[in-house]
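As the structure is a prediction and not an experimental result, all values here were calculated from the model. Numbers here are sequence positions counted from 1.
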Amino acid sequence: PNDLNKSMNENNIFISGSLDKKIKIWKTNNNECLRTLEGHLHGILTLLINKDYEIISGAKDGLIKIWNTRRGLCKKTIKAHEKDVSALVIQNDDELISGSWDKTIKIWNIKTGECKITLEGHTDIIRSLIINNNNQLISGSNDKTIKIWNMKTGKYINTLIGHNDWVWSLTIDKNNKLISSSEDKT
């Protein structure tokens, strides 16, 4: 599987999504697959879990799907991007942010599926999204940059340059410091 999420740890459960187009819910103590979710047309690239334990998936088909984990059914499909959905993050439980191979970031009303704002500025695939303690959206891209955005207005704030290759992953430490990883091995 190419994406795991630890949000369900208290129940000894984790999820995986794969290029075989399937999302699996696993029990960690015995590696038993509890449920398989199917519905994407192409491989799964990113997963997350919201506060209601719904799985949100993004895939190579440009779709975002929201899954009811108890029933194993897709409750909402959003035609999100023209190309692969490669990054997802939730803001305040009512906004979903997606990044794509189409070089855009979109902020969605998670309940209605309506796109509120489209952010443009990267020149290559969006690989990672995170929100810092200042309520700013931070994006990492194959264009070797990290960009900072105002979440409320969608306005570009700054570009951080320092990697020599794709920016794969972003996280914020306990002191609100940004940590990034890159294909350049830094």
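For the pair K60 and W101, the distance from NZ or CZ to the six-membered ring centre is under 6.0 Å and the angle to the ring normal is within 45 degrees.
The two residues A80 and V85 make their nearest non-hydrogen contact at CB-CG2, 4.1 Å. Nearest heavy-atom pair, H40 versus L63, reported as atom, atom and distance to 0.1 Å: CE1-O, 3.5 Å. Minimum interatomic distance between I131 and I172 (heavy atoms only, all atoms of both residues): O-CG1, 4.3 Å. The two residues N30 and K27 have their closest heavy-atom pair at OD1-CB, 3.5 Å. For the residue pair G99 and L129, the shortest heavy atom distance occurs at N-CD1, 3.5 Å.
The distance from the OG atom of S180 to the CG atom of L170 is 6.5 Å, given to the nearest 0.5 Å. One distance of note links CD1 of I78 with CG of L96; it measures 6.0 Å at 0.5 Å rounding. Rounded to the nearest 0.5 Å, atoms CD1 (I15) and CD1 (I23) are 7.0 Å apart. With rounding to the nearest 0.5 angstrom, the CD atom of E54 is 9.5 Å from the CZ atom of R70. Summarising the geometry, atom CG belonging to N142 is positioned 12.5 Å from atom NE2 belonging to H163; distances are rounded to the nearest 0.5 Å. Rounded to the nearest 0.5 angstrom, D143 CG and D124 CG are separated by 6.0 Å.
For the pair I44 and L19, the minimum side-chain heavy-atom distance is 4.5 Å or more. Between I64 and I56, the closest side-chain pair of non-hydrogen atoms falls below 4.5 Å. Residues W26 and I13 fail the side-chain proximity criterion, which asks for heavy atoms closer than 4.5 Å. Contact of the T159 side chain with the I148 side chain is not registered, since no non-hydrogen atoms from C-beta on lie closer than 4.5 Å.
Between the side chains of D184 and T186, at least one donor N or O lies within less than 3.5 Å of an accepting N or O. Between the side chains of S57 and W67, a donor-acceptor pair is found at a separation under 3.5 Å. For the residue pair K65/T77, the side-chain donor-acceptor check at 3.5 Å is satisfied. Checking E183 against W168 by side-chain atom types alone, a donor-acceptor pair falls below 3.5 Å. W108 and S98 are linked by a side-chain donor-acceptor pair at a separation below 3.5 angstrom, with hydrogens and angles left out of the test.
Both Y156 and V89 belong to a single network of hydrophobic side chains, linked directly or stepwise wherever heavy atoms of I, L, V, M, F, W or Y lie under 4.5 Å apart. I126 and M151 fall within the same hydrophobic cluster, defined by Ile, Leu, Val, Met, Phe, Trp and Tyr side-chain heavy atoms under 4.5 Å apart, directly or through other members. Linking Ile, Leu, Val, Met, Phe, Trp and Tyr whenever their side-chain heavy atoms come within less than 4.5 Å leaves I157 and I107 in two separate clusters. V167 and I130 end up in the same hydrophobic cluster when Ile, Leu, Val, Met, Phe, Trp and Tyr side chains are linked at under 4.5 Å. By the criterion of side-chain heavy atoms lying less than 4.5 angstrom apart, applied directly or through intervening Ile, Leu, Val, Met, Phe, Trp or Tyr residues, I117 is grouped together with L137 in one hydrophobic cluster.
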Start with the C-alpha distance between N135 and N150, add both sets of side-chain angles, then the distance that settles side-chain contact (heavy atoms from CB on, under 4.5 Å), and finish with yes or no.
-> CA-CA 8 Å; N135 207 30; N150 181 307; over 6 Å; no

Step by step, work out the side-chain contact (heavy atoms from CB on, under 4.5 Å) result for N132 and I138.
-> CA-CA 7 Å; N132 69 12; I138 304 171; 3.8 Å; yes

For L88 and I97, what are the C-alpha separation, side-chain angles and deciding distance, and is it a side-chain contact (heavy atoms from CB on, under 4.5 Å)?
-> CA-CA 6 Å; L88 295 169; I97 300 107; over 6 Å; no

Go through the steps to decide whether T145 and H122 satisfy the test side-chain contact (heavy atoms from CB on, under 4.5 Å), and finish with yes or no.
-> CA-CA 8 Å; T145 69; H122 281 290; 3.4 Å; yes

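Checked for salt-bridge contact, E95 and K116 meet the test: a charged N lies under 4.0 Å from a carboxylate O.
Between the side chain of K51 and the backbone N or O of Y53 there is no donor-acceptor pair closer than 3.5 Å. Using modelled atom types, one side-chain atom of S182 and one backbone atom of W166 make a donor-acceptor pair closer than 3.5 Å. Judged by distance alone, with hydrogens and angles left aside, the side-chain atoms of R127 form no donor-acceptor pair with the main-chain N or O of S86 at under 3.5 Å. Between the side chain of S141 and the main chain of I125, a donor-acceptor pair closer than 3.5 Å is present. Using a distance-only test at 3.5 Å, with no hydrogens or angles considered, no donor-acceptor pair links the side chain of S128 to the main chain of S139.
Atom NZ of K144 sits in a sparse spot, with 12 or fewer heavy atoms from other residues, nucleotides or ligands closer than 6.0 Å.
Sorted by first then second residue, the salt bridge (charged side-chain N to carboxylate O under 4.0 Å, His left out) pairs that include residues 99-108, not counting sequence neighbours, number zero.
Not a single salt bridge (Lys or Arg N to Asp or Glu O under 4.0 Å) links K177 to another residue, sequence neighbours left out.
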